[in-house]
Amino acid sequence: MPDESLHLSVVNSLLERHKGSAGALLPILHDIQERIGYIPDTAVPEIAHALNQSQAEVRGVISFYHDFRTAPPARHILRLCRAESCKSRGAEELAAQLRERLQLDDHGSSADGSISLRPVYCLGACACSPALELDGQVHARLSAERLDALLDACREDA
Amino acid sequence: MPAFYVSGDSVARAVGAEEVVVALITHARGRVVPLEIKRTSSRGLYWLEPLLEVDTPQGRFGFGPLTDADVPSVLEALKGDPSSHPLALGLVEELPYLKTQQRLLFARAGITQPLHIDDYRDHGGFEGLKRAIAIGGEQTATEVFDSGLRGRGGAAFPAGIKWRTVRATEAAQKYIVCNADEGDSGTFADRMLMEGDPFLLIEGMAIAGITVGATYGYIYVRSEYPDAVAILRNALEIARSNGYLGANVGGSGLAFDMDVRVGAGAYICGEETALLDSLEGKRGVVRAKPPIPALKGLFGQPTLVHNVLTLASVPLILAKGAQFYRDYGMGRSLGTMPFQLAGNIRHGGLVERAFGLTLRELVEDYGGGTASGRPLKAAQVGGPLGAWVPPSQFDTPLDYEAFAGIGAMLGHGGVVVADDTLDMAQMARFALQFCAEESCGKCTPCRIGSTRGVEVIDRMLAAPDQGGRDEQAIILKDLCDTMQYGSLCALGGMAPFPVVSALKYFPADFGLQASEAEQ
């Protein structure tokens with residue numbers, strides 16, 4: 001685990017940027033996660049102090065939203081859509097293929113830190129189901145072969 | 001060399017539009033006349049994406065769906081008869097799928113470049129704002145009321161009533177909030193509009209702001225739509241520097257400005273009061289109503305909350321008048337609705353038509369049946385909380401009241417088609433599991449009921465005999481009843497729709513006999 005206190009200057013500069021903005025907690029958390037990769041525990045008291053809220057309130061918000069992470073992410077994040085449209089086009093078979101090939105469950109992260117799996121419910125690509133998002137990039141009309149090729153590409157740069 | 005058009009829409013790119021552009025540039029290298037490639041919004045003809053369009057004297061000629069490998073042969077075909085290419089589509093606007101649509105909201109889809117404000121103005125942009133300023137707030141609110149426009153997010157509440165309420169409420173600060181948390185699976189019209197025609201939404205919000213007396217607005221966009229967020233942020237800057245936002249909106253002397261806020265992966269934030277809490281920096285927990293947001297909304301101030309498509313309908317209503325808009329549709333469902341064809345469908349895409357066409361016309365005539373070629377089993381209309389509609393009810397007209405009449409809902413206009421291989425018991429289980437995962441936890445029927453519902457379905461599917469399954473079916477229906485009538489908001493209140501409809505029309509998938517499920 002890296003020394004989280006190193007992140008404090010980043011956190012404080014972001015807090016300064018959002019000073020005076022109404023209801024800024026979500027934008028602050030997004031910015032911290034974008035810069036640091038996750039929301040370090042040491043950031044919580046700083047955020048709470050800056051917003052004049054309790055730490056419990058801040059932690060409550062972090063844990064409520066699926067997007068916020070409290071630990072460093074893997075190098076690649078693969079989010080396979082598991083909603084109805086993609087299910088009707090074989091998303092469950094692709095999910096099984098992922099589990100099988102990576103030996104991970106639907107929410108798992110590989111031990112070497114190369115890839116994290118997450119389910120997602122709709123990427124807005126429903127006319128071209130099934131779809132997934134890999135590192136922020138959407139891929140649609142997936143097939144088993146294309147999924148394998150995407151995984152190969154993730155492994156190559158590991 | 002004529003201009004080429006390729007969509008920059010995120011889903012067009014997800015199926016290879018970027019590769020087509022790269023191939024075009026590569027093959028055009030060394031030409032005397034450089035290639036002009038315009039990145040437009042998407043036509044919404046997603047089954048034809050990546051779609052390449054080329055200017056001809058008759059109009060834009062299309063090729064699709066292309067891969068980068070097809071580009072050399074397309075360029076070759078363009079030297080002679082373009083129709084000779086196997087992927088030639090002819091004139092895009094003559095394609096029956098597009099030609100028979102009534103595109104009011106999506107009039108510019110696939111035609112203009114999203115962030116080119118001159119493109120927007122050349123295609124009727126800001127005419128609505130101009131007229132709203134000319135006729136004043138009272139008359140503008142009346143136009144919206146008279147148009148019959150209803151909230152496009154799903155609840156279909158008359159927009160004009162909200163406008164008048166917020167306008168009539170005195171407060172130091174009022175807000176416009178655009179609900180762009182398009183979390184309903186199977187829907188993508190909001191995404192298309194925000195990525196493809198951002199100034200239309202901005203214009204609609206500016207009209208709303210100066211009409212009801214709100215000086216600030218927020219667009220709350222789900223985090224799954226990063227392209228929409230980036231485009232909107234750029235569009236806001238451009239609109240501001242062109243005087244459409246700021247202290248003097250379009251020369252009206254009235255102030256309105258706005259910001260984009262990004263959600264964080266919570267489905268419940270599509271519910272308007274949970275969204276307001278989220279905007280305030282809290283957990284997205286549903287509020288009890290009353291007070292309604294029009295009186296006490298964001299930060300306790302009067303707030304006009306509308307879906308993307310509702311706000312984006314306003315400029316046209318103002319530009320062309322309420323009567324023009326009312327002439328589309330049927331009954332109390334007036335105007336047009338962008339339906340979204342998704343799932344196991346041959347021709348997936350966006351179909352904007354006046355209310356009143358049937359689900360069969362949509363799924364069979366436009367959609368062309370299932371993509372797999374297998375028999376059609378059902379269509380889920382209106383997102384994850386919508387009912388599964390069996391083909392026997394496909395002649396129901398797409399109208400809010402007609403759908404409510406068959407125990408279904410139009411919602412946001414998403415239609416997810418399934419073939420006979422989809423197990424409806426699993427889909428019912430999924431609906432409740434999704435509800436359990438996304439429940440904000442405030443009310444008991446939703447928080448506890450959804451989890452119990454999953455357990456009941458599991459017990460039903462594991463029951464060794466018919467009697468055991470029947471017993472669980474009774475419990476499940478009872479539980480669904482409690483959730484439907486006892487939940488605080490539509491998540492718990494409507495999650496039973498897909499469950500009850502699956503149970504009613506597809507009892508065999510649950511191991512039940514038809515007669516018992518009907519009871």
Side-chain angles (χ1 to χ4, degrees), chain A residues 18 21-31 33-34 39 47 51 53 57-69 79 81-93 118-134 136-142 146, chain B residues 10-11 13-15 44 46-47 49 182-188 190-192 223-226 228 261-267 269 278-285 298-299 340-345 348-350 371-372 380 383-384 414 416-419 422 426-427 430 434 437-438 440 498:
Chain A
H18 288 281
S21 160
L25 183 50
L26 263 71
I28 288 170
L29 294 174
H30 274 303
D31 281 0
Q33 183 156 298
E34 196 181 307
I39 314 227
I47 300 168
L51 299 181
Q53 290 185 335
E57 282 172 302
V58 176
R59 286 184 208 283
V61 169
I62 295 170
S63 65
F64 182 85
Y65 295 96
H66 298 302
D67 282 2
F68 297 129
R69 291 184 292 267
R79 304 204 294 172
C81 178
R82 304 288 289 276
E84 294 85 353
S85 177
C86 289
K87 278 189 199 293
S88 79
R89 297 291 282 148
E92 292 308 304
E93 286 78 0
R118 295 278 177 275
V120 66
Y121 299 100
C122 200
L123 296 162
C126 325
C128 301
S129 289
L132 64 75
E133 184 202 79
L134 178 61
Q137 186 73 44
V138 179
H139 301 267
R141 274 187 213 141
L142 285 173
R146 275 199 67 205
Chain B
S10 63
V11 173
R13 288 190 290 111
V15 294
Y46 281 109
W47 90 97
E49 294 283 4
E182 184 176 56
D184 282 350
S185 38
T187 64
F188 47 84
D190 293 359
R191 180 189 60 71
M192 263 186 75
S223 62
E224 289 83 352
Y225 289 173
R261 283 283 177 89
V262 184
Y267 175 75
C269 290
S278 184
L279 269 178
E280 291 180 6
K282 302 174 189 161
R283 298 162 69 104
V285 175
L298 186 63
F299 302 114
Q340 300 126 78
L341 284 176
N344 197 331
I345 187 108
L350 182 109
S372 60
Q380 186 179 32
V416 172
V417 174
D419 73 11
L422 198 69
Q426 286 306 322
M427 296 312 287
F430 170 70
F434 180 73
E437 203 153 314
E438 298 297 334
C440 79

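Please read all numbers here as calculations on a predicted model, not as lab measurements. The chains referred to below are lettered A, B, ... by the order of the sequence lines, with proteins before strands, and numbering in each begins at 1.
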K.L.:
If we define contacts as heavy-atom pairs under 4.5 Å, which of A:Cys86, A:Ala83, A:Gly90, A:Ala140 has the most with chain B?
P.N.:
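Looking at each option in turn, the highest pair count goes to A:Ala140.
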K.L.:
Could you measure the distance from the CZ atom of A:Arg82 to the CZ atom of B:Phe434? Nearest 0.5 Å is fine.
P.N.:
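Answer rounded to 0.5 Å: 13.0 Å.
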K.L.:
With a 4.5 Å cut-off on heavy-atom pairs, point out which of B:Leu422, B:Asn344, B:Val416, B:Leu350 contacts chain A the most.
P.N.:
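Sorted descending by pairs with chain A, the first entry is B:Asn344.
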K.L.:
B:Glu182, B:Arg13, B:Glu49, B:Gln340: which one forms the most heavy-atom pairs within less than 4.5 Å of chain A?
P.N.:
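The answer is B:Glu49.
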K.L.:
In terms of heavy-atom pairs under 4.5 Å with chain A, which of B:Gly281, B:Ala14, B:Ala264, B:Ser185 leads?
P.N.:
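Looking at each option in turn, the highest pair count goes to B:Ala264.
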K.L.:
How long is the span from the CZ atom in A:Arg89 to the CG atom in B:Asp419, to the nearest 0.5 Å?
P.N.:
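One finds 8.0 Å between CZ of A:Arg89 and CG of B:Asp419.
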K.L.:
Can you tell me which portion of B:Tyr267 sits under 4.5 Å from chain A's heavy atoms? Options are side chain, backbone, both or neither.
P.N.:
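For B:Tyr267, there is no contact with chain A at all, as no heavy atom is under 4.5 Å.
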K.L.:
Please tell me if the side chains of B:Ser278 and A:Leu26 come closer than 4.5 Å, counting only heavy atoms from C-beta onward.
P.N.:
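SC-SC contact between B:Ser278 and A:Leu26 confirmed.
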K.L.:
If you count heavy-atom pairs under 4.5 Å between each of B:Pro226, B:Pro384, B:Gly44 and chain A, which one has the most?
P.N.:
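Greatest number of close heavy-atom pairs with chain A: B:Pro384.
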K.L.:
Taking all non-hydrogen atoms of both residues, which atom of B:Ala342 and which atom of A:Ala127 are closest, and how far apart?
P.N.:
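What the structure gives for the nearest pair is CB-N, 4.2 Å.
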K.L.:
Checking A:Cys128 against B:Val15 for the side-chain contact (heavy atoms from CB on, under 4.5 Å) test, could you report, in this order, the C-alpha distance in whole Å, the side-chain angles of both residues, the deciding distance, and whether it holds?
P.N.:
CA-CA 8 Å; A:Cys128 301; B:Val15 294; 4.0 Å; yes
K.L.:
What part of A:Val58 is in contact with chain B, defined as an atom under 4.5 angstrom from a non-hydrogen atom: side chain, backbone, both or neither?
P.N.:
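Contact with chain B: none, neither part.
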K.L.:
Counting only heavy atoms closer than 4.5 Å, note whether A:Glu57 contacts chain B via side chain, backbone, both or neither.
P.N.:
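Contact with chain B: none, neither part.
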K.L.:
Give a yes or no answer on whether the side chain of B:Arg283 reaches the backbone of A:Phe64 with a donor-acceptor pair at less than 3.5 Å.
P.N.:
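Not confirmed, B:Arg283 side chain does not pair with A:Phe64 backbone.
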K.L.:
I need the A:Tyr121 OH to B:Glu438 CD distance, nearest 0.5 Å.
P.N.:
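Reported to 0.5 Å precision, the distance equals 7.5 Å.
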K.L.:
If you compare all heavy atoms of B:Gly343 against all heavy atoms of A:Ser88, which two are closest, and at what distance to 0.1 Å?
P.N.:
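Taking every non-hydrogen atom into account, CA-OG, 3.3 Å.
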K.L.:
From A:Ser129 OG over to B:Tyr46 OH, what is the distance, rounded to the nearest 0.5 angstrom?
P.N.:
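One gets 12.0 Å once the value is rounded to the nearest 0.5 Å.
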K.L.:
Looking at A:Gly23, is its backbone amide N or carbonyl O close enough to the side chain of B:Arg261 to form a donor-acceptor pair, meaning the two atoms are under 3.5 Å apart?
P.N.:
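At least one qualifying donor-acceptor pair exists.
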K.L.:
Strictly distance-based, threshold 3.5 Å: is any side-chain N or O of A:Tyr65 a donor or acceptor partner for the main-chain N or O of B:Gly284?
P.N.:
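Pair found, side chain donor or acceptor close to backbone of B:Gly284.
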K.L.:
For the OG atom of A:Ser85 and the CD1 atom of B:Ile345, what is their distance to the nearest 0.5 Å?
P.N.:
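Between atom OG of A:Ser85 and atom CD1 of B:Ile345 there are 10.0 Å.
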K.L.:
Side chain, backbone, both or neither: which part of B:Cys269 has a heavy atom under 4.5 Å from chain A?
P.N.:
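Just the side chain, heavy atoms under 4.5 Å.
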K.L.:
Do you know which of A:Glu84, A:Gln33, A:His139 has the most heavy-atom pairs with chain B at a distance under 4.5 angstrom?
P.N.:
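So the answer, after comparing A:Glu84, A:Gln33, A:His139, is A:Glu84.
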K.L.:
Report yes if the side chains of A:Lys87 and B:Gln426 come closer than 4.5 Å at any heavy-atom pair, otherwise no.
P.N.:
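No, side chains not in contact.
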K.L.:
Please report the shortest heavy-atom distance between B:Gly263 and A:His30, naming the atom on each side.
P.N.:
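What the structure gives for the nearest pair is O-NE2, 2.7 Å.
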